[in-house]
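Per chain, numbering begins at 1; letters A, B, ... match sequence-line order.
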2 protein chains.
Amino acid sequence: MRDKLLERKSGVALWRQIADMIRSDIASGAAGADGKLPSEMKLAERYRVNRHTVRSAIASLEQEGVLRSEQGRGTFVRRRKRLSYPITRRTRFSAGLGNQAGSTSTRMLESHEEPASETVADALGISAGDPAIRLETISDADGVPVSRATSWFDATRFADIRKTFEEHASITRALASCGVRDYMRRSTVVEARHASAEDIELLGLSAGAIVLVTRAINVDAEGKPVHYSETRFAADRVELKIDNDDQTAPTSARSDKGPLEPGRHRP
Amino acid sequence: MRDKLLERKSGVALWRQIADMIRSDIASGAAGADGKLPSEMKLAERYRVNRHTVRSAIASLEQEGVLRSEQGRGTFVRRRKRLSYPITRRTRFSAGLGNQAGSTSTRMLESHEEPASETVADALGISAGDPAIRLETISDADGVPVSRATSWFDATRFADIRKTFEEHASITRALASCGVRDYMRRSTVVEARHASAEDIELLGLSAGAIVLVTRAINVDAEGKPVHYSETRFAADRVELKIDNDDQTAPTSARSDKGPLEPGRHRP
DNA sequence: ACAGATTTGTGCGTATGTATG
DNA sequence: CCATACATACGCACAAATCTG
């Protein structure tokens, strides 16, 4: 809420700039602490625009489900707390959000075998052009889409991954069915960009929305890559939390320890 | 480069949507691999717009310094690789980017003492309303602004932090001057949002640009918080790399090792 | 119950920006 | 460069719903 300067003829409509500001003010807790937004007139003065322009911004946020206006009463924030998604050695979708959402689910959109690109091959420790299986999934928390992931597996080792995922609706359990008793995250790269039209459609975002993108490599107990993923999180619904003190069994110091037994995992 | 669908009346002009796509395609390496963009006519066909519209997009990217057009030859990418900023227990700005950029620098914009907000107090382990020192900095790599940070320190313990930062132009060295021989990152929260007008101005971004935001807590050898920061990275210039296998001396096991000397930091 | 103030909803005319051909 | 169409932004006015004294 610190700044109110808008840019004209910047290629971004004023109403959209205002909508973006209000949305991020809400997400950061700076606006509508009491659930009520300032009146349209006050907002118009603050941003130094016409009331119509503020109304366009509000209309767009109503469409998104962020705000709700009532004639004669005011404009109110629809409460929606941002989820905190932990990035640890033991990153798991359901377990990570389990305590913040009532229900979580992941479903498959599509799956195909395809030759591995340079990037994918590098991540999975195979050769470019080797067969890989691509798995497109989307994940919900409390019925709201949260993230969309593209996963790749070594087709030689995980020929059945599509079938086992369909059975279990979980990558962790699908890998377990394929003989991977446990896996750990080796590295995560985070970037942010505008959502593609496809992600806007599937995640139910609005034009110009932002996605947090993670590219992750998961390895088995022997340190061999089993799963490479690119996940797009709706940036206005999720933040990533990195525990730099993460003390869960490190992969590199574990070869002398043998594989982890089920049940040793932290809750 | 997967998607080419543009949205009309989305509040974002077509030329800007196209400019955003081209910019992110360049950042992700999907476009202009050979340094040359497709011709304006080809781009117009791909995005299904008039050539005028493509030209507006290109003009805007030329202004930004991303592209360079030459009459009769074509449009070329000005090389600018995305920096990879490591998030580890031992996160340090200069050391982290040192091998990717020729020079890095951090300078102070402003500093004030102010009562700690709830969030800041919680992070620093003090009480809300206790005096805190806020330090606004901006960091460059090879002369290009990369990130803008707001840091907070316990004013009781680090009364001189402003002066020592001015002397050393580095938070690590400023803290060292205040008796903190070493510090470690405890946690990092990552989110993404549209850049504020102020950050657009100071980081030299374009309207509608995205910033990656990290909120980090750094602790001393005894595990006591010494530094809380909120850093905004220009999302089209930087990605964050998390090494989930990070084996740098964990804070919990480091009191017996003594402080690190300058230059001992890993490359 | 009432009047007046506040707030959102709606209509219309006009000027400028954006996109096409 | 022009003509055309539509989206955006503004200013003013007034209606409808709600709150306050």
Side-chain angles (χ1 to χ4, degrees), chain A residues 1 3-23 25-26 31-79 194 197 200 206-209, chain B residues 3-23 37-64 67 69 71 75 194 197 200 206-209:
Chain A
M1 194 118 91
D3 230 313
K4 287 129 205 167
L5 298 178
L6 302 191
E7 306 199 17
R8 314 213 170 206
K9 46 187 168 177
S10 64
V12 182
L14 290 180
W15 65 262
R16 171 155 286 283
Q17 295 184 57
I18 292 168
D20 290 341
M21 283 193 195
I22 293 176
R23 193 195 302 100
D25 281 351
I26 290 170
D34 52 350
K36 190 163 185 280
L37 232 59
S39 74
E40 295 175 350
M41 272 305 294
K42 284 206 163 47
L43 288 171
E45 281 169 27
R46 166 183 305 175
Y47 296 116
R48 323 195 120 243
V49 296
N50 192 277
R51 192 167 73 95
H52 284 304
T53 310
V54 169
R55 285 181 55 76
S56 297
I58 291 174
S60 144
L61 292 173
E62 275 189 271
Q63 193 63 29
E64 273 181 53
V66 176
L67 295 178
R68 166 181 44 88
S69 292
E70 293 179 32
Q71 193 170 34
R73 301 222 315 128
T75 304
F76 304 86
V77 178
R78 275 186 207 269
R79 276 273 150 261
H194 289 101
I200 284 174
S206 60
Chain B
D3 230 317
K4 287 133 203 163
L5 299 178
L6 302 191
E7 307 201 13
R8 312 209 173 209
K9 52 182 167 178
S10 64
V12 183
L14 289 182
W15 66 264
R16 172 155 286 283
Q17 294 184 56
I18 292 168
D20 290 341
M21 282 192 194
I22 293 176
R23 194 194 303 101
L37 232 58
S39 73
E40 293 178 353
M41 270 308 294
K42 283 206 162 47
L43 287 172
E45 282 169 26
R46 167 185 305 174
Y47 296 116
R48 322 194 123 245
V49 297
N50 194 280
R51 195 169 73 96
H52 291 308
T53 312
V54 170
R55 285 181 57 76
S56 298
I58 290 175
S60 146
L61 292 173
E62 275 190 88
Q63 192 63 28
E64 270 180 56
L67 296 179
S69 293
Q71 196 169 44
T75 305
H194 289 99
I200 285 175
S206 57

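Side-chain contact between A:L67 and A:I26: present, with at least one pair of heavy atoms (C-beta onward) separated by less than 4.5 Å.
In this structure, CG of A:L43 is placed 17 Å from C1' of D:dA9, rounded to the nearest angstrom. One interatomic measurement links the two molecules: CH2 of B:W15 to C1' of D:dA7, which rounds to 15 Å at whole-angstrom precision. Here C:dT8 presents its P atom at 13 Å from CZ of A:R68, a figure rounded to the nearest Å. Counting to the nearest Å, the P atom of C:dT8 and the CD atom of A:E62 are 10 Å from each other. Taking atom CZ on A:F76 and atom C1' on C:dT7, their separation rounds to 10 Å, with Å as the unit. The interatomic distance linking A:R16 (CZ) with D:dT8 (P) rounds to 10 Å, in whole Å. Here D:dG11 presents its P atom at 12 Å from CG of A:L14, a figure rounded to the nearest Å. The CE-P distance, from A:M41 to D:dC10, rounds to 13 Å in whole Å.
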Which pairs, protein N/O on one side and nucleotides 1-5 of chain C N/O on the other, fall under 3.5 Å?
none

>> Walk me through whether A:D20 and A:W15 qualify under side-chain contact (heavy atoms from CB on, under 4.5 Å).
In response: CA-CA 9 Å; A:D20 290 341; A:W15 65 262; over 6 Å; no

> Could you walk me through whether A:R23 and A:L61 pass the side-chain contact (heavy atoms from CB on, under 4.5 Å) check?
Replying inline: CA-CA 8 Å; A:R23 193 195 302 100; A:L61 292 173; 4.0 Å; yes

Could you tabulate the donor-acceptor pairs under 3.5 Å formed by side-chain atoms of residues 38-45 of chain A, not counting sequence neighbours?
{"unit_1": "A:S39", "atom_1": "OG", "unit_2": "A:K42", "atom_2": "N", "d": "3.3"}
{"unit_1": "A:E40", "atom_1": "OE1", "unit_2": "A:R51", "atom_2": "NH1", "d": "2.4"}
{"unit_1": "A:E40", "atom_1": "OE1", "unit_2": "A:R55", "atom_2": "NH1", "d": "3.4"}
{"unit_1": "A:E40", "atom_1": "OE2", "unit_2": "A:R55", "atom_2": "NH1", "d": "2.8"}

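Checking the phosphate oxygens (OP1, OP2) of D:dC10, a side-chain nitrogen or oxygen of A:T53 falls inside 4.0 Å.
With distances taken from any side-chain atom of B:V49 to the nucleotides C:dT20, D:dA9, C:dT7, the minimum falls on C:dT20. For A:S39, the listed nucleotide lying nearest its side chain is C:dT7; candidates were C:dT20, C:dT7, C:dT10.
A search for salt bridge (Lys or Arg N to Asp or Glu O under 4.0 Å) contacts involving A:E70 returns A:R68, A:R73, not counting sequence neighbours. For A:S56, the side-chain hydrogen bond (donor to acceptor under 3.5 Å, both in side chains) test picks out no residue, with sequence neighbours left out. Listed by chain and number, the residues in a side-chain hydrogen bond (donor to acceptor under 3.5 Å, both in side chains) with A:S60 amount to none (sequence neighbours excluded).
When heavy atoms are screened at a 4.0 angstrom cut-off, A:S56 is found touching no nucleic acid atom at all.
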>> I need a per-nucleotide contact map over nucleotides 12-21 of chain D, read 5' to 3'. Cutoff is protein heavy atoms under 4.0 Å; write B for the base, S for backbone only, - otherwise.
In response: BB--BBSS--

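Atoms CZ and OG1, on A:R16 and A:T53 in that order, are 14.5 Å from each other to the nearest 0.5 Å. To the nearest 0.5 Å, atoms CZ (B:R48) and CG (B:L14) are separated by 13.5 Å.
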